[in-house]
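Right, one structure below, let's go through it.
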Amino acid sequence: MRKLLGAGVLAVLALTAPAARSEDAVRFAPLKAEELSPPQRSWADLISAPPRNAKFTVPPYRAYIRNPDLAPKLSNLSDYLRWNTSLPSRLSEMAILITARHWTAQYEWSAHYPLAMKGGLDPKIADGIAKGTRPEGMKDDEAALYDLGIALYRDRKVSDAIYKAALEKFGERGIMDIIGIMGYYDLVSMTLITMQAGSANDSVPPLPVLEK
């Protein structure tokens with residue numbers, strides 16, 4: 001079928017494809033700099049600084065900026081949960097992937113998958129999470145994190161055995177860090193789904209839709 005398309009048609013498709021991406025939809029459409037109120041502009045400047053280096057025109061920030069009273073509180077919480085918890089990035093990013101899988105949040109998954117790989121998570125672990133199956137070959141701390149996350153999302157209760165394993169690996173502070181990460185990224189996932197954000201990184205395979 002592709003061979004039947006003329007060069008002109010392909011050129012038109014190439015030009016129009018970016019506009020068709022779901023993150024360019026009208027929900028929470030990107031604001032222009034001149035449209036920002038002083039509080040919005042102040043927050044946009046704040047998130048543009050390292051280590052975040054974010055743009056207020058991309059998900060989820062272009063939704064957050066609609067509420068300049070809430071936005072700074074969310075980014076402050078995110079600053080701690082992304083970079084300052086007791087967990088190494090391998091585990092904190094794994095927790096985010098588990099949350100993205102729970103919600104089938106494609107933008108979140110594609111944005112954090114490369115960060116999880118950079119943090120040292122085995123791609124096979126991420127692939128198992130994507131498939132909705134318990135990954136094989138997890139390290140002890142990864143297994144404790146995974147079991148805690150699945151207990152919360154699927155079972156909605158945490159058994160004594162799962163709690164004990166998490167406590168031994170992370171301590172009480174670490175358990176609260178995990179709950180904080182997943183809870184915050186629940187909010188992120190709901191925001192991304194509401195704004196119909198698509199993939200952030202086309203090089204990352206999308207999450208398959210799992211049967212309920």
Side-chain angles (χ1 to χ4, degrees), residues 23 28 40 42-123 125-126 129-130 135 138-139 141-146 148-150 152-153 166 169-195 197-201 203-204 206-207:
E23 57 264 41
F28 298 102
Q40 288 175 321
S42 176
W43 181 72
D45 291 341
L46 179 69
I47 64 170
S48 68
R52 188 176 298 278
N53 300 314
K55 297 179 180 180
F56 69 88
T57 54
V58 301
Y61 306 112
R62 75 172 198 234
Y64 289 1
I65 203 167
R66 263 41 182 226
N67 188 335
D69 292 326
L70 176 61
K73 296 176 176 61
L74 294 178
S75 56
N76 285 341
L77 179 59
S78 174
D79 285 347
Y80 171 76
L81 294 173
R82 287 192 63 182
W83 297 299
N84 297 297
T85 71
S86 60
L87 304 175
S89 59
R90 169 177 57 88
L91 295 177
S92 59
E93 292 296 334
M94 180 181 173
I96 296 171
L97 293 187
I98 292 171
T99 300
R101 170 66 280 178
H102 173 73
W103 289 96
T104 314
Q106 300 291 359
Y107 189 97
E108 189 169 276
W109 178 268
S110 61
H112 285 273
Y113 182 94
L115 298 177
M117 299 303 101
K118 183 178 179 180
L121 187 67
D122 190 326
I125 305 301
I129 294 171
M138 289 188 289
K139 299 176 181 177
D141 54 1
E142 293 166 349
L145 169 60
Y146 179 86
L148 177 61
I150 295 303
L152 290 168
Y153 282 134
K169 292 300 177 183
F170 312 117
E172 293 177 332
R173 172 173 178 160
I175 290 175
M176 282 309 304
D177 281 337
I178 294 168
I179 292 172
I181 291 169
M182 291 183 164
Y184 171 72
Y185 279 93
D186 281 338
L187 182 150
V188 175
S189 297
M190 287 188 281
T191 302
L192 295 170
I193 289 170
T194 300
M195 67 192 302
S199 175
N201 188 339
S203 67
V204 177
L207 287 168

- Item | Minimum heavy-atom distance between I125 and M138, given as atom pair plus value | CD1-CG, 3.4 Å
- Message: Minimum heavy-atom separation for R82 and L115, please, with both atom names.
- Response: NH2-CD1, 3.5 Å
- Message: If the threshold is 4.0 Å, N to carboxylate O, is there a salt bridge linking R90 and E142?
- Response: yes
- Are the side chain of R52 and the backbone of S78 linked by a donor-acceptor contact shorter than 3.5 Å? no
- A144 and K169: which non-hydrogen atoms are nearest, and at how many Å? CB-CG, 4.0 Å
- Item | Test item: Y146 and M94 side chains (from C-beta on) under 4.5 Å apart, heavy atoms | yes
- Message: Please determine whether side-chain contact (heavy atoms from CB on, under 4.5 Å) holds for the pair T99 and V188, giving the CA-CA distance in whole Å, both sets of side-chain angles, and the decisive distance to 0.1 Å.
- Response: CA-CA 10 Å; T99 300; V188 175; over 6 Å; no
- Query: How long is the span from the CZ atom in F28 to the OG1 atom in T191, to the nearest 0.5 Å?
  - Reply: 7.5 Å
- What do the steps show when you test H102 against M182 for side-chain contact (heavy atoms from CB on, under 4.5 Å), and what is the final call? CA-CA 10 Å; H102 173 73; M182 291 183 164; over 6 Å; no
- Task: Identify the heavy atoms of D177 and L81 that sit nearest to each other, and give their distance.
- Result: O-CD2, 4.3 Å
- Message: Return the CG to CG distance between L74 and L187, rounded to the nearest 0.5 Å.
- Response: 5.5 Å
- Task: Tell me, with the steps shown, if W109 and I129 meet side-chain contact (heavy atoms from CB on, under 4.5 Å).
- Result: CA-CA 11 Å; W109 178 268; I129 294 171; 4.0 Å; yes
- Task: Check whether any side-chain N or O of Y184 sits under 3.5 Å from a backbone N or O of L77 as a donor-acceptor pair, and report yes or no.
- Result: no
- Task: Take V58 and Y107 through the side-chain contact (heavy atoms from CB on, under 4.5 Å) test and state the conclusion after the steps.
- Result: CA-CA 11 Å; V58 301; Y107 189 97; 4.2 Å; yes
- Look up atom OH in Y113 and atom CG in N201, then write down how far apart they are to the nearest 0.5 Å. 10.5 Å
- Note on the structure: Output for pair (L97 CG, E108 CD), nearest 0.5 Å, gives 8.5 Å
- Task: Would you check if the side chain of N84 reaches a backbone N or O of D79 as a donor-acceptor pair within less than 3.5 Å?
- Result: yes
- Message: What's the separation between atom CD1 in I175 and atom CG in L148, rounded to the nearest 0.5 Å?
- Response: 6.5 Å
- Side-chain contact, heavy-atom cut-off 4.5 Å: V204 with P114? yes
- Y64 and Y61 aromatic ring geometry - parallel, tilted or perpendicular at 30°/60° bounds: perpendicular
- Query: How far does CG of D186 sit from CD1 of I181, to the nearest 0.5 angstrom?
  - Reply: 12.0 Å
- For the residue pair L145 and A95, what are the closest heavy atoms and their distance? CD2-N, 4.0 Å
- Message: When you measure from the side chain of Q40 to the backbone of I65, do you find a donor-acceptor pair of N or O atoms at a distance under 3.5 Å?
- Response: yes
- Looking only at atom types and distance, does a side-chain atom of Q106 sit under 3.5 Å from a main-chain N or O of A197, one as donor and one as acceptor? no
- L46 and S75: which non-hydrogen atoms are nearest, and at how many Å? CD2-OG, 4.5 Å
- Give the ring-plane orientation class for H112 versus Y185, where under 30° counts as parallel, over 60° as perpendicular and anything between as tilted. perpendicular
